[in-house]
Amino acid sequence: MHNDDSSALALRSQYRQCESRAARLSLLVDTGRQLGALPPREMALRVLQRACAFCALDSGVVVCELAGERQVLAEHGALSSEQRLALLALSDSDTPQAQCLLIDKGGLQLVIRLPLATAQGHSFGSVLLASAVRINPPDDEDLESLQLLATLFAAHLETQRLHGDLLARERTMSELVHRLLNAQEDERRRVAYDLHDGLAQTLAGLHQRLQGFASQCSVLPDAQQRELGTILELAQRCVREGRQAINGLRPQLLDDFGLLHALDKEADRLRDAGHRVKWLQRSEARLPANVEITLFRIAQEGINNILKHAGPCSVRIGLSSSDSGAHLHIEDDGRGFEAPRYRPITGNSGLGLAAMGERASLLGGHLQCQSEPGRGTRLLAQVPHAEEIAP
């Protein structure tokens with residue numbers, strides 16, 4: 001009989017231990033699953049509710065340093081102003097370990113303080129659980145579980161803070177890139193107009209004067225006629241290269257006649273290099289200026305890449321407009337390249353593609369690039385009909 005009683009007591013003890021372990025595990029696992037999807041204040045309240053229920057306490061607060069200011073992030077239970085002040089006074093402790101305090105202060109009898117710290121050990125707050133009646137404090141294992149919960153909570157808070165900082169930095173960088181691109185386009189436009197009204201006009205005048213002089217010098221010796229012909233060719237080349245430089249900086253066709261005509265002019269570079277060009281779609285609709293220049297620069301970079309890397313090939317170009325925005329399509333059957341979905345940019349590798357994608361994303365659009373070695377490259381850019389964005 002004695003042995004049976006001892007066995008029953010041992011089984012009961014083991015069962016209670018298993019129950020306690022299951023409760024601790026549930027506290028950590030279930031709460032941990034919930035925290036990631038909650039904003040900071042709701043996260044703090046959930047931690048307080050689960051921790052108070054776990055150790056049979058009736059109230060608590062979470063005090064954190066957010067945005068450089070120490071504040072109450074969440075509060076649970078009915079706390080009098082005196083009890084609340086008592087808890088806030090205990091939150092200033094720098095003790096890095098969990099504390100279980102038996103006190104008689106402000107109407108509180110038991111307080112459990114769980115420090116919150118970053119992965120580097122910097123303390124930034126506390127979880128404080130309280131009871132207005134004297135009860136048995138949690139054992140060491142329960143206190144350890146509560147501290148693990150607080151550590152998990154602190155990690156989620158830190159992750160959300162870092163994510164917020166990253167998003168803010170990303171927004172700042174996007175704004176900086178947007179301003180830099182606008183400044184670049186403004187400078188391109190200014191230099192192009194200065195060249196057009198200055199150097200290009202001077203070169204054109206020089207070429208005309210030389211042509212007029214040559215027409216009056218039909219009796220010059222052969223050697224001088226050949227020299228004059230060479231000078232005329234050089235002057236004509238200077239005029240042609242000046243116009244090409246102006247068009248590369250800021251094509252006047254784009255401002256005067258729209259994106260389609262500017263793209264067709266860019267396609268002439270492919271034709272001059274021996275590539276076969278076919279238009280799939282042609283939309284003459286005028287778009288907002290920032291949309292037109294964005295798609296033009298993407299097309300310009302895409303055509304540059306074909307000229308540099310694709311080899312002899314056929315090129316298909318499409319430009320269309322719909323309610324969802326403007327769509328640019330450039331496809332070749334040239335050499336292609338390895339273009340995995342995620343490819344780190346090292347050195348200058350991929351910078352052109354990254355710049356094209358950034359231009360599209362700044363206007364709320366996106367760029368797709370599909371390519372395989374030996375199977376050509378396909379660029380698809382879509383930009384919504386956004387209003388002009390001020391620089």
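For the single chain, residues carry numbers from 1 onward in sequence order.
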List in chain and number order the residues that pass salt bridge (Lys or Arg N to Asp or Glu O under 4.0 Å) with [X], two or more places apart in sequence or in another chain; answer none if no residue qualifies.
{"X": "R316", "value": "E331"}
{"X": "R375", "value": "E372"}
{"X": "D140", "value": "none"}
{"X": "E266", "value": "R269"}

Ignoring hydrogens, what is the shortest heavy-atom contact between [X] and [Y]? Give both atom names and the distance.
{"X": "D332", "Y": "A310", "answer": "OD1-CB, 4.1 Å"}
{"X": "F337", "Y": "C369", "answer": "CZ-SG, 3.8 Å"}
{"X": "L254", "Y": "R286", "answer": "O-NH2, 3.3 Å"}
{"X": "R335", "Y": "H309", "answer": "NH1-O, 2.9 Å"}
{"X": "L287", "Y": "E292", "answer": "N-OE2, 3.1 Å"}
{"X": "H76", "Y": "C52", "answer": "CD2-SG, 3.7 Å"}

Validation row: [X], [Y] side chains within 4.5 angstrom (heavy atoms):
{"X": "L259", "Y": "L328", "answer": "no"}
{"X": "Q160", "Y": "H163", "answer": "no"}
{"X": "S91", "Y": "R113", "answer": "no"}
{"X": "M356", "Y": "L379", "answer": "yes"}
{"X": "M43", "Y": "L73", "answer": "no"}
{"X": "R237", "Y": "E233", "answer": "no"}
{"X": "F296", "Y": "L253", "answer": "no"}
{"X": "D104", "Y": "Q109", "answer": "yes"}

Co-membership, hydrophobic cluster, residues [X] and [Y], 4.5 Å side-chain:
{"X": "I306", "Y": "L380", "value": "no"}
{"X": "L280", "Y": "V315", "value": "no"}
{"X": "L307", "Y": "I298", "value": "yes"}
{"X": "I135", "Y": "L146", "value": "yes"}
{"X": "F54", "Y": "V133", "value": "yes"}

Any chance you could measure [X], atom [atom1], to [Y], atom [atom2], to the nearest 0.5 Å?
{"X": "T377", "Y": "N305", "atom1": "OG1", "atom2": "CG", "result": "8.5 Å"}
{"X": "E241", "Y": "L234", "atom1": "CD", "atom2": "CG", "result": "9.5 Å"}
{"X": "C55", "Y": "I112", "atom1": "SG", "atom2": "CD1", "result": "4.5 Å"}
{"X": "L295", "Y": "I330", "atom1": "CG", "atom2": "CD1", "result": "9.5 Å"}
{"X": "D139", "Y": "S145", "atom1": "CG", "atom2": "OG", "result": "8.5 Å"}
{"X": "Q83", "Y": "S59", "atom1": "CD", "atom2": "OG", "result": "6.0 Å"}

Between [X] and [Y], does any side-chain N to carboxylate O distance fall below 4.0 Å?
{"X": "R171", "Y": "E175", "result": "no"}
{"X": "D186", "Y": "R190", "result": "no"}
{"X": "R161", "Y": "D165", "result": "yes"}

When you look at [atom1] of [X], are more than 12 heavy atoms from neighbouring residues, nucleotides or ligands closer to it than 6.0 Å?
{"X": "N136", "atom1": "CG", "result": "no"}
{"X": "Q211", "atom1": "CD", "result": "yes"}
{"X": "E144", "atom1": "CD", "result": "no"}

In the hydrophobic cluster built from side-chain contacts under 4.5 Å, what are the other members alongside L90?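 Traced through the cluster, L90 reaches V61, V63, V72, L79, L87, L88, L101, I103, L108, V111, L128.
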Who else is in L210's hydrophobic cluster (ILVMFWY, side-chain heavy atoms under 4.5 Å, direct or via others)?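 Its cluster partners, ordered by chain and number, are L206, I231, L232.
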Check: residues 358-368 side-chain donor-acceptor pairs under 3.5 Å, at least two apart:
{"from": "R359", "atom 1": "NH2", "to": "Q184", "atom 2": "OE1", "distance (Å)": "3.3"}
{"from": "S361", "atom 1": "OG", "to": "G357", "atom 2": "O", "distance (Å)": "3.3"}
{"from": "S361", "atom 1": "OG", "to": "E358", "atom 2": "O", "distance (Å)": "3.0"}

Under 3.5 Å, side chain of [X] to main-chain N/O of [Y], donor-acceptor pair present?
{"X": "N304", "Y": "Q300", "result": "yes"}
{"X": "S126", "Y": "L114", "result": "no"}
{"X": "R70", "Y": "E65", "result": "no"}

Mind checking what makes side-chain contact (heavy atoms from CB on, under 4.5 Å) contact with [X], not counting sequence neighbours?
{"X": "T118", "value": "Q120, H122, F124, E158"}
{"X": "S322", "value": "S324, H327"}
{"X": "A74", "value": "A44, L45, L48"}
{"X": "R209", "value": "none"}

List the steps, then state whether side chain to side chain contact (heavy atoms under 4.5 Å, CB included) holds for R134 with L102. CA-CA 8 Å; R134 186 168 294 278; L102 295 171; 3.7 Å; yes
Residues two or more places apart in sequence or in another chain: which of them pass side-chain hydrogen bond (donor to acceptor under 3.5 Å, both in side chains) with S321?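 With sequence neighbours excluded, S321 shows a side-chain hydrogen bond (donor to acceptor under 3.5 Å, both in side chains) to H385, given in chain and number order.
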List the steps and the verdict of side chain to side chain contact (heavy atoms under 4.5 Å, CB included) for D268 and K265. CA-CA 5 Å; D268 285 343; K265 186 67 176 177; 3.7 Å; yes
